[in-house]
Every structure is written in C-alpha cells, then in structure tokens.
*Asks:* 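One structure, pasted below without further comment.
Residue numbers begin at 1 in each chain, while the letters A, B, ... track the order of the sequences.
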Protein chains: 4
Amino acid sequence: MITAALAEAERMNVSVCISIVDAAAWPVAFMRMEGTILGAIDIANKKARTAVLFQMDSADFAEIAHPNAHAYTLENTNGGLISFGGGLVLKDAEGTVVGAIGVSGASTADDIAIATVASRVLIA
Amino acid sequence: MITAALAEAERMNVSVCISIVDAAAWPVAFMRMEGTILGAIDIANKKARTAVLFQMDSADFAEIAHPNAHAYTLENTNGGLISFGGGLVLKDAEGTVVGAIGVSGASTADDIAIATVASRVLIA
Amino acid sequence: MITAALAEAERMNVSVCISIVDAAAWPVAFMRMEGTILGAIDIANKKARTAVLFQMDSADFAEIAHPNAHAYTLENTNGGLISFGGGLVLKDAEGTVVGAIGVSGASTADDIAIATVASRVLIA
Amino acid sequence: MITAALAEAERMNVSVCISIVDAAAWPVAFMRMEGTILGAIDIANKKARTAVLFQMDSADFAEIAHPNAHAYTLENTNGGLISFGGGLVLKDAEGTVVGAIGVSGASTADDIAIATVASRVLIA
C-alpha cells in the first residue's frame, strides 16, 4: 500500500505523508516523502486514527464532527481528530475493518485520491 | 445499571460503551460491548464526566457550550467535555446528585435512550 | 477579596469558586463554596488566568477569541482560555496590573457581579 | 532580525514578543519586550511554528483552518496552531524555506507589520 501511494503521489507530482494503522489504531507503517510540509506528519496519523476509531472515512466524520453539525466536540475526543478528507477505512473482502490509511501534504482532494489508490491494493 | 443498559442495547441491536462515575467524577463501572467502535470509549467516559461535573445532562450542556451559545470554550475545560447527548446525571430519591452515566457507540438518540433506561434502575 | 466574594455569593444565594492570581499568573488564593459544581474549579482558574495573561476581562477577551471574531484560536493558546465573562483584571491605584480574579459556578452575569464586588476591595 | 523587529516595535510604540524558528521548527531566538502581555509568549511561538510547519503565513493558514473553511480541525493539530496573522515564512534568495518568525503582543496588523520588517533583514 505504501508503494502504491508513493507511486500515485509521484505521478501527481505532490509530496505527502502516508500513515497506516491496524484495527486497534496502532501504527503499521509510515512514510514521509522528501519535501512534504512537516505539519502533515501529525495530520496523516490523525486521519488514519480518526478513520479506524469511528470506522468511517474522515470526510464522512467531518459531516457530524463540526460546530454546525450534530456531534460538535466529537472532533476533540481521542486526543484530537480530523474533520476533513484523507483518512480511509480499510476493510477485507468480507467487509471487516482491518485498519485505516491517512494521507496528508497535498490538497484534500489529492490526499483522498492517493489514499483511495493505495486502499485498492488491499482488495486486489 | 450496566446490566439494564446492555439489555436495552441488545434489544435495540446496537453496540455501545457504558461509563458510570460517582459524584466526584471517579469511575465506578465501564463496559464495552463486542463490536463497539473504539472511539466510543473516550466519548462515553467524557459524557459521564460532563454530566457530573456540571450536574446537567450532556444534551443540555450542548445548549450553552457551543461557538453559537453564550458559554463557548466551556466545552474545552476540564480536560475536554462533550456537547451532545448521551450523558445523564444520576440523582437519588431526594434529588441529590450521586453520579452520572455516559453511553456512546450508537446514534445520539439511541445513546440517550439506553442511558435513560439504565438510569431508571437507580430509582426503582 | 475572598471574604467579599463569599459574602456577595451568599447574599445572592449561589455557590461559586473564586480564584485569585498575581501579575505573573501564579495562584494567590482559591476557595470553593459548599455545593459548587466541580466543573467550576477549572473554569474559575482559567478565567483568572485569561484575564491576567491578556490584561483584559474575560468578557472582553470573548469579543476577539471566537470563531466569528478576528483572533480565532487565541482561546486555545496558553493551555486553554475562557471566552466568556467572570474573569476580571485587578489594577492598583496607579493602574498597574497586579493580578486577576476569576469566579465560576453561578450564571455568567452573577459570576461577573461577584468578581466585581470582590475587586472593589483592592481599591478601597 | 530580532534587532530590526525591536526597532520597529519601539518606533510604533508597542510591546511584543518575537519568536524565530528554523526550518525544522526548532527555536532559534526569542525576545519579550518589557511590558508585553504574558499571553503573547505562547502565541508568538505558535505563530512561528504554524508558519514553518505549513510553509504558509499564519494569515493564509487562517483561510483554511477555521470552522467555516474547508480544513477545520487543522488548527488543532501539531500541538495547537494559530489562525490569524503575525507568523511569516522565511525564505532565502532561492525561495527555500529556512524558518519562520512569529510576532505577538500588539494588534494583529501591527504584529504583521513588525514581522514583515524583520523578515526583510534576511534577504537584505
């Protein structure tokens, strides 16, 4: 998955951090590409953490965890979570959550695109 | 109370965490049902904590602790509090606060329903 | 000042925490009245801290430190600050800041009233 | 840069804290002028930190890291960041980021003006 994410980021000509956690939210792999802003490290980790803790992509989490949504303050639990896209839940062929991936460093749309490409490796 | 909450959650076919604290906000009991999202652990605890620290259900707390309400930043005190429902104050027959219960893992409406059923055990 | 605050709170029939800090934000005195909600302890301390760190009453601080105002995130600095009233700057007869007082536990209006009565002791 | 910032602040008759960090966000220099509010210390440091971690002036960071913008919660990552002006990225003649400067203690407009004057020293 890290390899696929790196290849996609290079193809898009952006620099990102990639963070993969298991189903219990523990780190499995992390990679920071040359030239990525340092602020993205914490964000990639928290995107993956948000996705696995709530079994929900961070873009969907953003729909409920916001001052104008119905679960404001949710984003401040669990050590600080991320209310925008780039964190994806990873499921196996049976639909069981096996972990999550978080990508940060490019635009949110690009972060999501890279995470999506990487997550397909799991099922392939 | 834990037994009543578990029974109600099973009846509703949802998985939740249940957290009970005493009047001084110290943990009394905690239970995580199989299959509950891990993010709900911290939330159940903070819902109970919010309710007992302010002697107010967390749904009522949400009415004042919000950027659009008159006590914004209140939700960020005391280590982080919860501005949505699922935390209920527990009172004895004389109306004295004896603790609080927090439920998280299902929809907010379901969390509140389960906490309400459990809290009735105390008075019964 | 603590005595004056206690007397005023008793006269108003409310229970509050009173926190007084010096010009360097270190605690000078703290008092929790019987029956005050436990959540008010942290808030009284942070109201006093907010007022002295910014040499500004916490009600005025709220005007700038809010998502809809021009210094959003200011409220999250310095370990967490308070964007509503009840923290007052204390100045000597020459107008020099000597500390601050924070009151919490009643309504914000009552908290401010009690802090105001107490702060007059300093000048008298 | 510190000398230039101090001279500009004195010329404007304001008191500020000045914080300079390197490209890896580590402190290089810090100065608190006599009479600056104590709350400004943490803010100056966080302004510099915000600018270097995201290679973006904190005034631009504010455009994306806000409840009403598309990357809400970004401001709560990396230990707490600043969503208003006064943090500037420092680049060398080739455009490489070499660090950042944060100024706090006066109005945001004045903080930015002082940081701008100081940052020109680097290129001169």
*Asks:* Test of understanding: with side-chain contact (heavy atoms from CB on, under 4.5 Å), list the residues that count as partners of A:Ala5, not counting sequence neighbours.
*Replies:*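 Applying side-chain contact (heavy atoms from CB on, under 4.5 Å) to A:Ala5 gives A:Ile18, A:Ile114, A:Ala118.
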
*Asks:* Given heavy-atom pairs under 4.5 angstrom as the criterion, report whether the side chain, backbone, both or neither of D:Ile64 touches chain A.
*Replies:*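 For D:Ile64, there is no contact with chain A at all, as no heavy atom is under 4.5 Å.
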
*Asks:* Tell me, which pairs form a ring-ring contact (aromatic ring centres under 6.0 Å, His included) where one or both residues lie in residues 33-61 of chain A, sequence neighbours left out?
*Replies:*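 Residue pairs passing ring-ring contact (aromatic ring centres under 6.0 Å, His included), neighbours aside: A:Phe54-A:Phe61.
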
*Asks:* Less than 3.5 Å apart and able to act as donor and acceptor by atom type: which atom pairs between chain A and chain D qualify?
*Replies:*
unit_1	atom_1	unit_2	atom_2	d
A:Gly39	N	D:Leu53	O	2.9
A:Gly39	O	D:Asn78	ND2	3.1
A:Asp42	OD2	D:Asn78	N	2.7
A:His66	NE2	D:Pro67	O	2.5
A:Glu75	OE2	D:Tyr72	OH	2.4
A:Ser83	N	D:Thr73	OG1	2.9

*Asks:* Under a 4.5 Å cutoff for heavy-atom pairs, which residue among A:Ala65, A:Pro67, A:Ala40 has the most contacts with chain D?
*Replies:* A:Pro67

*Asks:* With a 4.5 angstrom heavy-atom cut-off, could you sort out which part of A:Ala62 is near chain D: side chain, backbone, both or neither?
*Replies:* neither

*Asks:* Give, as side chain, backbone, both or neither, the part of A:Leu81 having an atom under 4.5 angstrom from any heavy atom of chain D.
*Replies:* backbone

*Asks:* List for me each residue that meets ring pair (Phe, Tyr, Trp, His ring centres under 6.0 Å) alongside D:Phe84, sequence neighbours excluded, and say none if there are none.
*Replies:*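 Ring pair (Phe, Tyr, Trp, His ring centres under 6.0 Å) list for D:Phe84, sorted by chain: empty.
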
